[in-house]
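What you are looking at is a predicted structure, and each value in this text was computed from that prediction instead of being measured.
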Amino acid sequence: MASRSFNRSWKPPLVRQLISPPVQRRTIVGLTSLSRTSRPSATLYPAVLSRQQARGVKSIDFAGHKETVYEREDWPREKLLEYFKNDTLALIGYGSQGHGQGLNLRDNGMNVIIGVRKNGASWKEAQQDGWVPGTNLFDVDEAISKGTIVMNLLSDAAQSETWPAIKPQLTKGKTLYFSHGFSPVFKDLTKVDVPTDIDVILVAPKGSGRTVRTLFREGRGINSSVAVFQDVTGKAEEKAVALGVAVGSGYLYKTTFEKEVYSDLYGERGCLMGGIHGMFLAQYEVLRERGHSPSEAFNETVEEATQSLYPLIGANGMDWMYAACSTTARRGAIDWSGRFKDTLKPVFNDLYDSVKDGRETQRSLDFNSQPDYREKYEKEMKEIRELEIWRAGKAVRSLRPENQ
Ligand SMILES: NC(=O)c1ccc[n+]([C@@H]2O[C@H](COP(=O)([O-])OP(=O)(O)OC[C@H]3O[C@@H](n4cnc5c(N)ncnc54)[C@H](OP(=O)(O)O)[C@@H]3O)[C@@H](O)[C@H]2O)c1
């Protein structure tokens with residue numbers, strides 16, 4: 001789409017207002033009514049503003065469906081400290097989530113310790129982040145033995161591999177925490193059969209652990225899913241929400257372990273990563289085969305999408321993005337969206353089946369349990385990095401003002 005046509009419909013003051021980075025709102029209320037702005041002005045949206053100031057709303061109407069959402073404002077730091085005053089949070093694994101959640105817990109003043117294997121890369125990374133061996137950094141078994149709440153943030157494949165050693169240490173009174181429903185939901189494949197006498201809960205941040213940390217440091221919070229697999233104490237949900245806030249969530253959307261894992265595996269294979277990469281490649285290849293230059297093909301496929309249009313969808317929704325484009329662009333996009341949907345929907349159904357029946361889980365376990373999985377993964381990344389589209393992208397990005 002020509003940027004000229006895009007610019008023609010551009011409305012600078014409104015656009016600047018509408019695409020400001022979203023701020024963490026104090027309260028979840030009527031999110032559908034807020035969909036057109038992340039910072040409603042009192043002049044433009046008095047009704048919205050007054051509803052925002054109401055507190056404690058838990059049941060939210062999402063497009064006609066009532067859902068439960070928790071907010072961090074109900075769990076100020078003092079309340080968290082009081083709630084977890086007798087707990088030791090043993091966070092096992094220090095990958096992307098371990099790093100983000102662990103540092104946020106520490107900054108929130110929680111009694112958190114890290115458990116990782118001593119010869120692994122994570123041990124060194126944890127030390128670099130200020131975790132001290134023997135004080136708040138231990139090997140996995142020792143951390144679990146000290147913990148009242150065991151936060152299993154090992155890789156999903158490692159959760160399965162280490163389960164025979166971990167399970168006997170999860171004695172009555174402890175709580176088991178996950179950030180993905182993968183291990184318990186697919187227990188026939190993972191063999192993670194949780195003990196029946198402990199609470200089992202989930203907080204799954206909807207983003208990378210790096211974002212969990214960055215948003216926390218900015219004073220904002222990431223959206224997370226929250227769920228209970230097993231409630232022995234009657235306090236499992238409350239504990240999950242409190243932990244979710246303590247690890248840096250802003251809003252916590254109630255779900256189940258099953259729904260979390262199905263939607264997560266499906267989404268990352270679809271629109272979040274796999275599907276979008278496939279679309280990029282298909283569009284780019286056709287442009288190149290039809291005689292367009294690499295820069296033109298890249299700009300029209302990835303650069304304009306990620307730098308201009310997708311942020312607008314993120315800020316204000318699809319209709320707003322359409323409205324900000326030329327009538328020509330809009331007409332064509334509306335016409336073709338139906339054909340793309342009809343063509344892709346069977347693929348998405350295949351994908352959902354493959355998630356639900358465990359094939360995706362099995363593949364992940366098979367691949368990620370191999371001792372040389374990092375080398376194999378790096379080989380695949382090298383192939384992607386060396387595709388023309390991404391080499392062209394590197395050159396295009398180097399021309400961005402901030403990279404000069
Ligand atoms: N990454 C995300 O964006 C994200 C988002 C939401 C939820 N989650 C979920 O959060 C959990 C953790 O994911 P992650 O991405 O943070 O971690 P990850 O990078 O997949 O896992 C890394 C951790 O697992 C450890 N590990 C791997 N194999 C091990 C083994 N055989 N024995 C002991 N430790 C082993 C690593 O230690 P070494 O350094 O010693 O190898 C490292 O500390 C998963 O359930 C994941 O699905 C992740």
Side-chain angles (χ1 to χ4, degrees), residues 92-101 114-126 128 139-140 152-166 178-192 204-212 260-282 284-285 298 302 347-348 350-394 397:
I92 309 305
Y94 202 72
S96 170
Q97 287 299 326
H99 161 92
Q101 296 188 31
I114 303 295
V116 286
R117 51 185 172 183
K118 278 190 172 157
N119 55 354
S122 297
W123 182 269
K124 289 193 201 86
E125 281 164 30
Q128 280 162 10
D139 76 16
V140 173
N152 196 332
L153 296 181
L154 296 174
S155 73
D156 295 308
Q159 289 178 21
S160 176
E161 202 180 317
T162 56
W163 185 246
I166 289 180
F178 292 102
S179 280
H180 199 9
F182 189 98
S183 293
V185 169
F186 290 109
K187 70 170 187 295
D188 292 346
L189 301 170
T190 63
K191 310 299 175 207
V192 176
K206 296 289 109 183
S208 149
R210 303 289 150 182
T211 319
V212 171
E260 188 281 332
V261 72
Y262 296 161
S263 59
D264 194 75
L265 294 177
Y266 174 79
E268 65 203 10
R269 281 153 181 73
C271 284
L272 301 181
M273 289 196 281
I276 207 74
H277 194 199
M279 285 268 285
F280 283 160
L281 294 178
Y284 181 91
E285 282 178 16
F298 186 85
V302 180
V347 180
F348 278 100
D350 284 352
L351 169 57
Y352 197 91
D353 289 342
S354 185
V355 165
K356 195 166 178 189
D357 67 20
R359 276 176 287 158
E360 296 304 309
T361 295
Q362 189 62 58
R363 166 125 179 93
S364 171
L365 288 172
D366 291 346
F367 186 86
N368 295 322
S369 303
Q370 295 169 27
D372 61 346
Y373 86 93
R374 282 183 205 269
E375 291 76 25
K376 286 186 170 152
Y377 158 78
E378 182 45 42
K379 189 165 167 275
E380 287 179 303
M381 285 307 105
K382 185 166 180 288
E383 282 166 16
I384 290 173
R385 206 175 297 127
E386 289 177 357
L387 287 174
E388 186 193 272
I389 181 175
W390 298 116
R391 284 188 288 119
K394 199 171 171 192
R397 286 193 299 278

Shortest non-hydrogen contact from F186 toward V355: CZ-O, 3.3 Å
Between CZ on residue R363 and CZ on residue R359, distance to nearest 0.5 Å: 12.5 Å
4.5 Å side-chain heavy-atom contact, V116 and E125: no
Least distance between heavy atoms, E260 atom then S179 atom: OE2-O, 4.3 Å
Trace of the side chain to side chain contact (heavy atoms under 4.5 Å, CB included) decision for V302 with I389: CA-CA 9 Å; V302 180; I389 181 175; 4.1 Å; yes
Whether E360 side chain and L265 backbone form a donor-acceptor pair below 3.5 Å: no
Any L365 side-chain heavy atom under 4.5 Å of L189 side chain: yes
Non-hydrogen side-chain atoms of P205 and Q101 separated by less than 4.5 Å: yes
Worked check of side chain to side chain contact (heavy atoms under 4.5 Å, CB included) between W163 and S183: CA-CA 10 Å; W163 185 246; S183 293; over 6 Å; no
Distance (rounded to the nearest 0.5 Å) between T361 OG1 and K187 NZ: 13.0 Å
Separation between CD of E383 and CD of E378, rounded to the nearest 0.5 Å: 10.5 Å
Sole residue of V192, V261, L153 in side-chain contact (heavy atoms from CB on, under 4.5 Å) with F178: V192
E388 and E285, any side-chain heavy atoms less than 4.5 Å apart: no
Residues R385, W390; criterion side chain to side chain contact (heavy atoms under 4.5 Å, CB included); working and verdict: CA-CA 6 Å; R385 206 175 297 127; W390 298 116; 6.0 Å; no
Nearest heavy atoms of S160 and T190, plus distance in Å: OG-O, 2.7 Å
Heavy-atom pair of closest approach, residues L154 and I166: CD1-CD1, 4.1 Å
Shortest non-hydrogen separation from Q97 to G207 and the atoms involved: NE2-O, 3.1 Å
Pair L281-L387, side chain to side chain contact (heavy atoms under 4.5 Å, CB included): steps then yes or no: CA-CA 9 Å; L281 294 178; L387 287 174; 3.9 Å; yes
Nearest atoms (heavy-atom pairs only) where D188 meets K191: O-NZ, 2.8 Å
Inter-residue atom distance Y262.OH - Y352.OH, 0.5 Å rounding: 6.5 Å
Heavy-atom side-chain contact between Y94 and W123 under 4.5 Å: no
Reported SG-to-CE distance for the pair C271 and M279, which is rounded to 0.5 angstrom: 8.0 Å
K356, NZ atom: more than 12 neighbouring heavy atoms under 6.0 Å: no
Exceeds 12 heavy-atom contacts within 6.0 angstrom, atom OH of Y377: no
NE2-CD1 distance between H99 and I114, expressed to the nearest 0.5 angstrom: 10.5 Å
